[in-house]
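Down below is the structure, laid out as structure tokens.
As a basis for the values below, the full set of heavy atoms in this structure was taken, side chains included, without hydrogen atoms, waters or symmetry mates. When a ligand or atom number is given, it counts from 1 through the structure's own listing order.
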Amino acid sequence: MSRIVIAGGNILEGEVNVNGAKNAVLPILAATILNGGINVIHNCPELKDVSASLQILEFLGCEVKRQGKTIIVDSSNIKDYRVPEQLMREMRSSVIFLGSIISKCRKAVLSYPGGCEIGPRPIDLHLKALRQLGIKINEAHGYIYCDAARIDANDINLNFPSVGATENIILAAVMANGTTIIRNVAKEPEIVDLQDYLNAMGAKISGAGTSVIKIEGVEKLHDVEHTVIPDRIEGSTYLAAAAITGGTVKITNVNPEHLQAVLAALRECGCKIYVEKNTITLSRTSTLQPVDVIRTLPYPGFPTDMQAPMMSVLTLARGTSIISETIFENRFKHVEELMRMGADIMVDGRVAVIRGVEKLTGANVNAMDLRGGAALVIAGLAAEGSTVIEGVHHIDRGYEKIEDKLRLLGADIKRVD
Ligand code: UD1
């Protein structure tokens, strides 16, 4: 089992390139089965969740090739509509294959994704909406059986703007009979990227990025080539690393518009931020200031995926900050680990009160989930002495070679196998 070992205290300086977005490439890979043809996807990060998606595609009958950051999927020979349990278990978000498999094969069998590190991940909104498209769904013995002689367009209202449910409905409705309208959808940039991808293969979708999406069903889709948008969470994580250590770091290949909520919070902490077309430079020379309240919200609010990394930054602020986690109910597992490093944090339900301390001290800590793991890396960079992080496989789900990128910025960090 790998561990990450950090000798804290180095100031970060330099430039780091941001990869393609994990949360954009995953639904796009699920969408590749729709065209029954060639999909060329550029700017794909090398991550465990991406490999898990490719394994599912191969199981379904796709031919998959990777050439550096480009993935080519030939989906002209789909042979199966079932995703076995062990592949589903590799990655919770594999439930987005439901929409594309049912769309293409008119049948789908997937195991229920169940709960995960950050709490239960219900899919009631996905299933309710798919039923509204005329898909028959039976849940039995941990499996979801879907059947649809035809998929009929409908007007759908989501109770909550779920990212995964929005993607699943889009994928299921692309080739439906008629025009589907979905209201109260997620507005995340990754949904816009999925729309762009599908439209590039001949779909007729509009409205992504607003709260209403319209999908005119089409009969056929064709070959497609696409470049995935930059990963706003990876980029934000490196900015948080620069904020906690001090120094000046430029992230390149980003869309600054996608990071506005995080940039506002970092400015409140006393960081200076310079935005250019595709780059953001963060510089901190004065002490870290606390924030009033950060409330995680659907986009364009503060992303829940940055809650943990931001909390690490706030542990060293000159005063008390409050974080309210409104999206996931069990996303404070990093708190106990940060406290082992000397942080002063009190959690009451979904609210964390962070009282800034003078210093963090290196400790042996455990990454319990992906973003919580990133938070521990960030804390370790600023801690006095050595921090050893276990559970690195969680971090590898969402960050490509995090230790190499941070080392290039001047951190003393290594992976030990
Ligand atoms: C996606 C992202 C994840 C991010 C999250 C919120 C991917 C691969 N993952 O996850 O990184 O943290 O958006 O921005 O894109 N819910 C229900 N019923 C449902 C669906 C969701 O109750 O049927 C609840 C969830 O339990 C959670 C909230 O809605 O409390 C948000 O979930 P959702 O937006 O669906 O997140 P994911 O798509 O799973």
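Listed for the N154 side chain is no donor-acceptor partner under 3.5 Å among the backbone atoms of I156. A donor-acceptor pair under 3.5 Å is formed between the side chain of N199 and the backbone N or O of I205.
Within 6.0 Å of CG in D155 there are more than 12 heavy atoms belonging to other residues, nucleotides or ligands. For K214, the NZ atom is loosely surrounded, since the number of other residues' heavy atoms within 6.0 Å does not exceed 12.
Of all the heavy atoms of T304, the ones lying under 4.0 Å from any atom of ligand 1 belong exclusively to the side chain. For Y299, no heavy-atom contact with ligand 1 is shorter than 4.0 Å. Residue contacts with ligand 1, taken as heavy atom pairs separated by less than 4.0 Å, involve S93 solely via side-chain atoms from C-beta onward. Heavy atoms of D305 found under 4.0 angstrom from ligand 1 belong exclusively to the side chain.
Ligand 1 has R331 within reach: a non-hydrogen atom of the residue lies less than 4.0 Å from it. The closest approach between any non-hydrogen atom of E190 and ligand 1 is not below 4.0 Å. The closest approach between A186 and ligand 1 stays at or above 4.0 Å for every heavy atom of the residue.
Checking only distances, F160 never comes within under 3.5 Å of ligand 1, N or O to N or O. Checking only distances, I327 does come within under 3.5 Å of ligand 1, N or O to N or O. Backbone and side-chain nitrogen or oxygen atoms of E167 are examined, and none is located within less than 3.5 angstrom of a nitrogen or oxygen of ligand 1. Residue-to-ligand polar distances place S162 within reach of ligand 1: an N/O pair is separated by less than 3.5 Å.
Residue T296 is tested with E325, R331, Q307 for a side chain to side chain donor-acceptor pair (under 3.5 Å); the sole match is E325. When the options K405, K22, K401 are evaluated for a salt bridge (Lys or Arg N to Asp or Glu O under 4.0 Å) with E234, the one that passes is K405.
In this structure, a donor-acceptor pair under 3.5 Å is present between the side chains of R371 and Y399. If you check the side chains of D193 and H226, you find a donor sitting under 3.5 Å from an acceptor.
Taking every heavy atom of G164 and a limit of under 4.0 angstrom, the matching atoms of ligand 1 come to 35 (O), 38 (O). Below 4.0 Å from some heavy atom of I123 lie the following atoms of ligand 1, by number and element: 19 (C), 23 (O).
If you check each of N23, L127, L125 against atom 2 (C) of ligand 1, the one with the closest non-hydrogen atom is N23. Of the candidates L26, V163, T296, V163 brings a heavy atom nearest to atom 33 (P) of ligand 1.
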**Item:** D147/K136 under salt bridge (Lys or Arg N to Asp or Glu O under 4.0 Å): CA gap, chis, key distance, verdict
**Value:** CA-CA 5 Å; D147 228 303; K136 292 193 181 60; over 6 Å; no
**Request:** Assess whether side-chain contact (heavy atoms from CB on, under 4.5 Å) is satisfied between L282 and T248, documenting all intermediate values.
**Result:** CA-CA 6 Å; L282 180 143; T248 302; over 6 Å; no
